[in-house]
Amino acid sequence: MNLIKAALLMSAFVVLSMAHDADSSTDSWDKWLECAHLGARASAKLLRGAVPAVRTLYLCVDFEPIRNSESRYLQSLRNLYEFLKSTVYEKHSCLLDPLKGAANVLRPFVERLAKLSCIES
């Protein structure tokens, strides 16, 4: 176990020394950290809005879960499948509002990431 820790520590030193040798290493690290920070903020904001979006979708689809004596895992899997099937095939118009909401939440972050050249094409 100590050998693995030593190998990881040596690998970190090699990576840091290679980054230190680069002429604009601090700028690239700062850019990478800012891009990672923006990505984390975008993910957090999207996750914060996920529960209300799923609740809205659930009410729009008007889904009634199946209750039976199967195991909890199989019952949950079956209910999820039935929910997705009814959403996609029967009431696909209900998907538009949550998807528009997600796009509106992500728009400012994607624009900022594009300005910073974090997203490569």
Side-chain angles (χ1 to χ4, degrees):
M1 192 64 152
N2 288 334
L3 185 60
I4 293 173
K5 290 178 184 177
L8 288 173
L9 185 62
M10 294 297 281
S11 300
F13 284 137
V14 168
V15 168
L16 289 174
S17 68
M18 288 173 52
H20 182 49
D21 290 340
D23 48 348
S24 64
S25 65
T26 56
D27 292 337
S28 64
W29 279 105
D30 289 341
K31 179 182 170 186
W32 184 85
L33 285 174
E34 189 170 355
C35 292
H37 178 71
L38 278 172
R41 285 182 45 214
S43 300
K45 194 158 187 173
L46 193 62
L47 285 174
R48 231 177 295 142
V51 172
V54 170
R55 185 177 297 137
T56 303
L57 180 63
Y58 182 78
L59 291 174
C60 180
V61 172
D62 194 29
F63 178 74
E64 186 63 36
I66 301 166
R67 300 194 195 312
N68 54 20
S69 62
E70 293 179 14
S71 70
R72 290 190 182 272
Y73 175 73
L74 294 176
Q75 181 180 357
S76 299
L77 189 62
R78 175 67 185 245
N79 282 330
L80 179 63
Y81 168 74
E82 292 296 331
F83 176 70
L84 291 174
K85 185 176 82 171
S86 65
T87 302
V88 172
Y89 292 115
E90 296 169 10
K91 296 190 177 185
H92 51 272
S93 61
C94 293
L95 283 173
L96 292 178
D97 287 337
L99 289 176
K100 284 179 185 176
N104 289 336
V105 164
L106 292 177
R107 181 179 293 127
F109 294 105
V110 171
E111 290 172 356
R112 180 77 175 132
L113 289 170
K115 285 180 186 175
L116 291 172
S117 299
C118 297
I119 303 172
E120 301 290 328
S121 298

Shortest non-hydrogen pair, Asp62 vs Lys91, comes out as CB-NZ, 4.2 Å
Are Val110 and Leu116 connected in a single hydrophobic cluster, I mean Ile/Leu/Val/Met/Phe/Trp/Tyr linked by side-chain heavy atoms less than 4.5 Å apart? yes
Handout entry: Under-4.0 Å salt bridge between Glu34 and Lys31
Key = no
Review point. Arg48 versus Val105: any side-chain heavy-atom pair under 4.5 Å?
Key: no
Rounding to 0.5 Å, atoms CG (Leu74) and CG (Asn79) come to a distance of 11.0 Å
Salt bridge flag under 4.0 Å for residues Lys115 and Glu111
no
dist Leu80:CG -> Gln75:CD (nearest 0.5 Å) comes out at 12.5 Å
Check the orientation of Phe83 and Tyr58. Use parallel for under 30°, tilted for 30 to 60°, and perpendicular for over 60°. tilted
ILVMFWY cluster, Leu95 and Val61 together (side-chain gap under 4.5 Å):
yes
Nearest heavy-atom contact between Cys94 and Leu57 is O-CD1, 3.5 Å
Value for CD (Glu64) from CD (Glu82), rounded to nearest 0.5 Å, stands at 12.5 Å
